[in-house]
2 protein chains.
Amino acid sequence: MKDWIWTRERKAAPARETLSREQIVAAAMTILDTEGIAGLSMRKLGTKLAAGATSLYWYVDTKDDLIDLLIDEVWGEIDVPEPELAGWRAGALLFGHSLRSAVLRHPWLPEVMYTRPSIGPNAMSMGSRGLVLFGAAGFSEHEIDLALGSVMSYVLGTVSAEVATREMVRKSGRSQESWVSDILEQAKVVAGDYPEMQKSVRRRTSMDLDSGLTENFVFGLDALLDGLESRVKK
Amino acid sequence: MKDWIWTRERKAAPARETLSREQIVAAAMTILDTEGIAGLSMRKLGTKLAAGATSLYWYVDTKDDLIDLLIDEVWGEIDVPEPELAGWRAGALLFGHSLRSAVLRHPWLPEVMYTRPSIGPNAMSMGSRGLVLFGAAGFSEHEIDLALGSVMSYVLGTVSAEVATREMVRKSGRSQESWVSDILEQAKVVAGDYPEMQKSVRRRTSMDLDSGLTENFVFGLDALLDGLESRVKK
DNA sequence: TGACGATCTCGTACGGTGTGCGAGTCCTTT
DNA sequence: AAAGGACTCGCACACCGTACGAGATCGTCA
């Protein structure tokens with residue numbers, strides 16, 4: 001059995017000024033947030049910490065392990081309200097928004113999240129609090145798992161798509177408007193024969209990207225919560 | 001403006017027996033489906049086609065462009081029923097299942113899907129047919145976009161998570177049961193203090209992975225469609 | 001004080017990656 | 001026969017993750 005990063009601790013206090021896992025994680029996080037996954041290499045991270053690239057391997061077995069730590073760091077930013085505060089429905093809404101904004105702050109997450117299990121301490125804490133929240137809604141035990149999973153999947157799916165378009169704008173290095181109109185022009189060429197698509201595209205261009213994405217998110221989340229609410233056993 | 005792959009065509013009939021974009025895409029697809037994204041390199045793909053790696057660059061500008069083609073290929077496998085056949089609700093359910101099973105057939109998709117815009121011809125066709133289907137439900141024009149987007153995000157989010165666990169089992173090279181129990185044992189160590197998590201974990205282990213994942217998918221999709229249905233303007 | 005072992009750093013090297021470039025080969029058209 | 005387009009591909013470059021082992025620095029104990 002592999003020994004996981006989560007259960008490996010520093011043996012004793014460092015003898016002298018050294019690197020630390022926290023330091024490495026923090027530096028890697030700022031690289032990821034500003035340059036994306038493709039911008040993170042061990043050599044670059046080493047340089048940023050004024051250290052040799054391979055020094056990092058004392059604190060982390062592989063780059064993938066480092067990314068596991070970074071992902072769990074994000075889960076740690078999400079807050080899941082206690083059900084006593086405002087009840088399940090409002091709590092779930094808040095949870096959804098918190099999850100969304102965390103991913104928007106760390107847009108590299110969707111690209112890596114689906115390639116590894118999330119079993120770090122923060123993921124566990126978040127999951128546990130989510131179960132408590134959804135448990136208060138009156139679902140059966142089994143439905144608690146299903147409902148929480150649905151909401152998380154919806155939120156992560158929506159925000160992944162959202163982040164994808166935001167990131168593509170950013171990477172293009174151009175203004176939102178100019179990028180959108182470029183893509184849409186292209187889409188028009190390819191989709192000339194699809195009038196519904198053209199109409200939808202025209203609808204979208206007529207509104208602000210930011211507020212459109214937010215509205216999209218809220219609309220679906222509300223609908224999903226409606227559907228879940230009606231499943232609570234009376 | 002970048003010239004997109006979608007609008008670049010072969011000028012004339014090939015002079016002699018040559019490679020072709022279709023051939024390359026097909027070979028790359030089987031590599032992706034069997035070995036995943038990490039298994040696809042231009043050199044390996046070249047070898048598979050009995051060609052030099054750099055020969056491929058005649059047909060495709062970059063590896064990313066090739067992946068764009070592959071993604072659009074997947075969108076081409078999804079069928080979106082006409083609303084006349086069974087109405088919106090049944091059609092949306094069918095669409096969801098079709099989307100899910102396509103991703104299950106091509107488990108590499110979530111890892112790359114969120115890094116680029118889907119504006120290929122098949123994506124356009126799928127989107128257009130989706131709009132037609134949801135248009136028949138009685139939504140306002142604006143709500144059509146929102147509702148379709150929500151369903152797609154939910155389905156892709158759910159199936160991405162699903163594929164992630166399935167792939168991790170596969171890559172571990174061990175039996176489903178042994179992998180699951182390993183992960184759960186680890187989770188237990190990390191999450192000792194979270195009784196709700198432990199209970200949830202125990203619930204999950206007591207059931208078949210396959211049917212559990214399917215039930216999860218259907219439960220949330222049904223709830224979402226319920227919520228959407230109640231939003232149709234009367 | 002001196003020696004030992006643990007902790008930590010890092011230069012070098014290996015085998016991989018995507019792909020730019022330019023030379024070379026084939027086939028059609030004039 | 002000559003020209004020119006269509007296509008193939010070997011070489012080279014810069015970059016990647018990381019295994020390995022030599023070295024540096026420390027606390028501890030004889």
Side-chain angles (χ1 to χ4, degrees), chain A residues 2-5 8-28 31-32 35-71 108 111-112 115-116 171, chain B residues 2-5 8-28 31-32 35-71 108 111-112 115-116 171:
Chain A
K2 179 177 191 288
D3 73 323
W4 307 79
I5 341 166
R8 221 182 31 218
E9 288 299 323
R10 184 196 295 275
K11 301 287 195 304
R16 61 189 189 285
E17 181 126 0
T18 66
L19 286 171
S20 73
R21 183 182 283 181
E22 291 73 24
Q23 218 181 122
I24 292 171
V25 166
I31 293 184
L32 278 184
E35 305 182 45
I37 257 291
L40 178 66
S41 80
M42 297 305 271
R43 286 177 233 258
K44 193 193 288 185
L45 180 54
T47 313
K48 191 183 180 89
L49 291 163
T54 57
S55 304
L56 309 173
Y57 284 90
W58 180 260
Y59 300 90
V60 136
D61 277 354
T62 66
K63 187 187 180 187
D64 278 0
D65 275 3
L66 173 59
I67 292 177
D68 281 345
L69 291 172
L70 288 158
I71 294 176
W108 46 271
E111 286 176 68
V112 299
T115 66
R116 44 186 28 87
K171 279 175 201 155
Chain B
K2 177 176 192 283
D3 72 322
W4 307 80
I5 341 165
R8 222 181 32 218
E9 288 299 324
R10 185 197 294 278
K11 301 286 193 306
R16 60 188 190 281
E17 182 124 359
T18 67
L19 288 169
S20 73
R21 182 181 283 180
E22 291 73 24
Q23 218 181 123
I24 292 172
V25 166
I31 293 183
L32 279 184
E35 305 180 47
I37 256 294
L40 179 66
S41 80
M42 297 305 269
R43 288 177 230 261
K44 195 194 288 186
L45 181 54
T47 314
K48 192 183 180 86
L49 291 163
T54 56
S55 303
L56 309 173
Y57 285 88
W58 182 260
Y59 299 91
V60 135
D61 277 354
T62 67
K63 189 187 180 187
D64 278 1
D65 275 3
L66 173 58
I67 292 176
D68 281 344
L69 291 172
L70 286 157
I71 294 176
W108 46 271
E111 286 177 69
V112 298
T115 65
R116 43 182 34 82
K171 278 175 201 155

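Residue numbering restarts at 1 for every chain, and letters A, B, ... go by the order of the sequence lines.
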Would you please test B:Y59 and B:L19 for side chain to side chain contact (heavy atoms under 4.5 Å, CB included) and show each step?
-> CA-CA 8 Å; B:Y59 299 91; B:L19 288 169; 3.5 Å; yes
A:I71 and A:W108: side chain to side chain contact (heavy atoms under 4.5 Å, CB included), yes or no, with the steps?
-> CA-CA 10 Å; A:I71 294 176; A:W108 46 271; 4.1 Å; yes
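Here the closest heavy-atom approach between residue A:T115 and residue A:V112 is recorded as OG1-O, 2.8 Å.
Between B:I31 atom CD1 and B:K44 atom NZ the span is 6.0 Å, to the nearest 0.5 Å. Rounding to the nearest 0.5 Å gives a distance of 6.5 Å between CG of A:L49 and CG of A:L56. The line from CE of A:M42 to OG1 of A:T62 is 8.0 Å long, rounded to the nearest 0.5 Å.
The CG-C1' distance, from B:L56 to D:dG10, rounds to 14 Å in whole Å. The distance between atom CD of A:E35 and atom P of D:dC15, rounded to the nearest whole Å, is 14 Å. Here D:dC26 presents its P atom at 15 Å from CG of A:L19, a figure rounded to the nearest Å. As rounded to whole Å, 15 Å separates atom P of C:dT7 from atom CZ of A:R21.
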Distances for protein N or O near nucleotides 18-20 of chain C N or O, under 3.5 Å:
from, atom 1, to, atom 2, distance (Å)
C:dG18, OP1, B:K63, NZ, 2.8
C:dG18, OP2, B:M42, N, 3.0
C:dG18, N7, B:R43, NH2, 2.6
C:dG18, O6, B:R43, NH2, 2.8
C:dT19, OP2, B:Y57, OH, 2.7
C:dT19, OP2, B:K63, N, 2.7
C:dT19, O5', B:Y57, OH, 3.4
C:dT19, O4, B:R43, NH1, 3.4

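Between A:W58 and the phosphate of C:dC8, there is a side-chain N or O to OP1/OP2 separation shorter than 4.0 Å. Between B:S55 and D:dC9 there is a side-chain polar atom (N or O) within less than 4.0 angstrom of OP1 or OP2.
Shown for residues 44-52 of chain B: no residue has heavy atoms falling under 4.0 angstrom of DNA chain C.
Of the listed residues (A:L45, A:L70, A:L69), just one forms a side-chain contact (heavy atoms from CB on, under 4.5 Å) with A:I24, and that residue is A:L45.
Contact check for A:I67 versus A:I37: side-chain heavy atoms found under the 4.5 Å cut-off.
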